[in-house]
Amino acid sequence: MTRYHVETFARYAELLGSPSLAIELPNPTSASAVIAALRQLPGGDALPDRPLLAVNHTLPRADVSIGPSDILALLPPLAGG
Amino acid sequence: MAFLSTAPIDPAAVLADVRSPSHGGTALFVGTVRDSHRGRVVRRLEYSAYPAMAEGEARAIVAEASARWPVAVAARHRTGSLAPGEVAIVVAVASAHRESAFLACRWVVDELKRRVPIWKREWYADGSADWIDPAADALGSS
C-alpha cells in the first residue's frame, strides 16, 4: 500500500477535521478509489456522491489513474465571484 | 499580475491593465459583497481559495477569451474577509469595438465563477455562518 496526500478546503476541511488528509491505497490507483477512501475517513460520509477531485491542478473529465507523485485536492462546490 | 488578491482591489487599476489606444470599447464588471442573502442580513463574507490551481485556471480562462475574441482581458479576485459593499471581483475587457468587449466580459465572469476554486462563507447578523453553494442556491448568485 502507498500513502497518498490530499488537500482539502473550506467546508470539506471542516467536515473531515483537517485541510491535509492521508489515505493508503495501491500504486497506481484511481480518482474514484481516492474518493472512496476519503469517504471512509471520519466525517467523510457527509461528502456528496461525486465530489470534485483535482489532479495536478485540473479537474479530470474521466476516472484517471493516479500515482503517489500526483497532486490531489478535494474541492467543495466552487463559489467564487 | 496575480489573479488572487488579499488587498482591496481598485477597479481603475484593473482597467489600466487593458488600456490601449487601439481599443474603442472597454467593458468593466465589478462584483461587490451584498448585505443580504435569502432574507438574512450579511455582516461579512470570507473568501478562501486553492491558489495553486486558481491562478492557473484564471490564466487559462483569460487565454481562452483572448483566443475566442479580439480582446485584452484583466481579472482579479479578492480573498479574505470582506464587508458588504467591498469589491470581490473585477473583470476588464477591452476591444476595438464594444460587441466583443461585452460578450467576452460576460463569458469571462461566468467561467471564473464556474471553474476557479474559490469558496465563500457568509456571516450573518445573528452570529451564524453558511458556506455558499451556488448550485444549491441558483437564484442567489451575483
Side-chain angles (χ1 to χ4, degrees), chain A residues 3-23 30-32 34-35 37-39 41-81, chain B residues 3-5 9 29-34 37 45-61 75-79 82 87-91 105-122 129-138 140-142:
Chain A
R3 175 162 286 218
Y4 294 82
H5 295 277
V6 184
E7 276 190 87
T8 192
F9 304 87
R11 191 169 78 86
Y12 289 178
E14 287 188 354
L15 279 180
L16 296 157
S18 172
S20 179
L21 311 166
I23 49 177
S30 66
S32 58
V34 168
I35 290 168
L38 292 170
R39 212 181 289 287
L41 296 175
D45 54 350
L47 292 173
D49 287 346
R50 298 173 68 185
L52 302 173
L53 184 75
V55 181
N56 301 324
H57 307 142
T58 62
L59 290 171
R61 294 213 169 94
D63 189 13
V64 291
S65 176
I66 285 170
S69 63
D70 287 318
I71 301 165
L72 305 176
L74 179 71
L75 310 181
L78 310 185
Chain B
F3 173 64
L4 298 174
S5 171
I9 301 169
F29 176 80
V30 180
T32 50
V33 176
R34 269 195 312 269
H37 185 200
L45 201 153
E46 205 173 277
Y47 283 101
S48 56
Y50 177 20
M53 180 173 167
E55 293 291 346
E57 199 64 31
R59 273 197 303 274
I61 291 165
R76 305 267 187 289
H77 199 298
R78 179 87 184 271
T79 56
L82 280 70
V87 174
I89 179 172
V90 176
V91 175
C105 188
R106 184 181 183 133
W107 185 86
V108 168
V109 172
D110 288 348
E111 291 298 295
L112 290 172
K113 290 170 79 86
R114 194 174 71 81
R115 289 164 51 184
V116 178
I118 293 173
W119 301 281
K120 60 184 163 195
R121 189 180 208 180
E122 287 181 341
D130 268 345
W131 293 102
I132 302 303
D133 177 358
D137 185 28
S141 59
S142 64

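A, B, ... follow the sequence lines: proteins, then strands. Residue 1 opens every chain.
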| Which distance, rounded to the nearest 0.5 Å, do you find between the CG of A/Leu47 and the CG of A/Leu52? |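 Reported to 0.5 Å precision, the distance equals 11.0 Å.
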| field | Distance in Å, A/Leu16 CG paired with A/Leu41 CG, rounded so as to fall on 0.5 Å steps | value |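 Separation between the atoms: 6.0 Å.
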| field | Between B/Ala60, B/Pro117, B/Gly56, B/Ala54, the one whose heavy-atom pairs under 4.5 Å with chain A are most numerous | value |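 Maximum pair count with chain A is reached by B/Pro117.
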| query | Under a 4.5 Å heavy-atom cut-off, does chain A meet the side chain of B/Arg115, its backbone, both or neither? | reply | backbone
| task | Check whether the ring centres of B/Trp119 and B/Tyr47 lie less than 6.0 Å apart, and answer yes or no. | result | no
| message | Under 3.5 Å, is there a donor on one side chain and an acceptor on the other for B/Trp131 and A/Glu14? | response |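 A donor-acceptor contact under 3.5 Å links the two side chains.
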| Which portion of A/Ala10 sits near chain B, non-hydrogen atoms under 4.5 angstrom |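 Both parts, backbone and side chain.
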| task | Let me know if A/Ile71 has heavy atoms under 4.5 Å from chain B in its side chain, its backbone, both or neither. | result | side chain
